Amino acid sequence: MSGQGIVRTGLTLAAIAAICTSLVAATYQATHERIAANEKALLEQSLEPALSGLFYDSGVSESRLVLRPPHALPGNDPALIYRVFAGSEPVAALFAVTARDGFSGPIRVLVGVEFDGSVTGIRILQHRETPGLGDRIESTRTDWVFQFEGRSIGDPALTGWAIRGDGGEFDQLTGASVTPRAVIKAIRDTLLYFDANRDAIFAAPATVEDD
Amino acid sequence: MSGDWTERLTTGLWKDNPGLVQLLGLCPLLAVTSTFVNGVGLGIATLLVLTFSNALVSATRRWIRQEIRIPIYVLIIASLVTCVELIFKAWFPTLDRSLGIFIPLIVTNCAIVARAEIFASRNPVGASIADGLGMGAGFAALLMALGAFRELIGHASIAGFSFADSGFLLVILPPGAFLALALAVALKNRIDGRPGR
Ligand SMILES: Cc1cc2nc3c(=O)[nH]c(=O)nc-3n(C[C@H](O)[C@H](O)[C@H](O)COP(=O)(O)O)c2cc1C
């Protein structure tokens, strides 16, 4: 290619790159507010099940604590804690933690804990368990996750926080006990963490995200 | 002109269907077709990207030298996919979440580069758009058919409305995708009356 050819080719590439970049920039401008709103709505919607029946008034998504690993909660990715207040009274804490010993990959679990230490609600936020087997932990497939509502450490006792097959008090899923075992362990460890750190959790200032 | 369009569309939809005949873009095809809605979503996203990338490649073909055509295709396709991804995130957030990584991965769908190289870089804009629509629709139709089939048999539901407790699990698992595609290819060859090779 001659010297002039290279310059021309370079200019063509630059021009096309500029056009493509403006296209993306324009689309971003047109969509980013909606996308941010969708993400907030999704978050609030996904926390909703663990909030039902509580009386609270704070913006839950603004009260977020982010614990970077290593932390004492289940999982070795960031754990999230949303604090719920009525006035200045702490009402509940919602945890997003990760069970790492599922059948295939991490299971992200939402654990809602009332101030007295009892479970307000459990939901599976994300998982890759096998369809038809492990995915029955989803609240839309079976009511397996509802059995934890109102339970706490002490009800049942610590050894009871296991599936019946292992001598515990909770239902398993037929033909798929690896998944429930992992989820129950994550819930139990979260409740233990809450009991041990309750005052610190509600006193900590919200994490400011810099991303 | 209109005969030309019909021909371009039927070529993509049936005769040279990118999934069934050229066997291109199999990764998303196999990965997301576990439900009908996913098939529709990825099908439409691919159709949009393919049509616009054909149009842009064809419109700029006079200025593009041979040596830089591949980087230019990559630029055009990657930008279009980013736009489609943003649009899905803004207006179809649920669909976007269930398709996940497979929307950005449209970039790597070789069916799109293939049409840019084989067709759009040598034909006028109108014909290239027709080609993109035809090929895109062919790919989308296959995604929808596989999605509907796998959801029907595997989940015993259709478009999310379930009519039985459980289906035949194998069909939703990855091997089921290959089996379903094989059935579709066999069916097409049967209809076309082509003897097995
Ligand atoms: C392909 C395949 C996928 C499986 N997926 C899961 C799963 O997602 N969750 C699970 O707990 N067990 C799964 N299992 C079953 C486990 O290997 C194990 O057999 C089962 O959890 C034991 O449950 P049981 O004690 O009730 O018999 C799967 C097994 C196979 C062969």
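Source: prediction; values computed, not measured. Chain A is the first sequence line, chain B the second, and so forth, proteins listed ahead of strands; every chain is numbered from 1. The analysis underlying the following values was restricted to heavy atoms, covering all of them including side chains, and did not include hydrogens, waters or symmetry mates.
- With respect to chain A, the highest number of heavy-atom pairs below 4.5 Å among B/S79, B/A90, B/P93 belongs to B/A90.
- Heavy atoms closer than 4.5 Å to chain B are found nowhere in A/I19, neither backbone nor side chain.
- For the pair A/P78/A/P69, a side-chain contact is recorded, criterion being any heavy-atom separation below 4.5 Å from C-beta on.
- Side chain of A/R83 to backbone of A/S63: a donor-acceptor contact under 3.5 angstrom is found.
- Among A/L23, A/L42, A/L133, A/T130, the residue with the largest count of heavy-atom pairs under 4.5 Å with chain B is A/L42.
- At most 12 non-hydrogen atoms from other residues, nucleotides or ligands lie less than 6.0 angstrom from CZ of B/F92.
- Neither the backbone nor the side chain of B/T94 comes within less than 4.5 Å of any heavy atom of chain A.
- In this structure, A/Y28 and B/T82 have side chains that are not in contact, with every pair of non-hydrogen atoms separated by 4.5 Å or more.
- The contact between B/L173 and chain A is made entirely by side chain atoms (from C-beta outward), counting heavy-atom distances below 4.5 Å.
- Checking side-chain atoms of B/H155 against main-chain N and O of B/E151 turns up no donor-acceptor pair under 3.5 Å.
- A side-chain donor-acceptor contact under 3.5 Å links B/R150 and B/T33.
- Each of A/I81, A/I187, A/V119, A/L191 was scored for a side-chain contact (heavy atoms from CB on, under 4.5 Å) with A/V113, with one residue passing: A/L191.
- Of all residues in residues 71-78 of chain B, those placing a non-hydrogen atom less than 4.5 angstrom from a non-hydrogen atom of chain A are B/P71, B/I72, B/L75, B/I76.
- For the side-chain contact (heavy atoms from CB on, under 4.5 Å) with A/T27, the qualifying choice from B/L80, B/I87, B/V84 is B/I87, the only one to do so.
- Contact of A/A15 with chain B is not made at all, since no heavy-atom distance falls under 4.5 Å.
- Proximity to chain A (any heavy atom under 4.5 Å) is restricted, for B/I68, to the side chain, taken from C-beta onward.
- At least one donor-acceptor pair closer than 3.5 Å links the side chain of A/N38 to the backbone N or O of B/K89.
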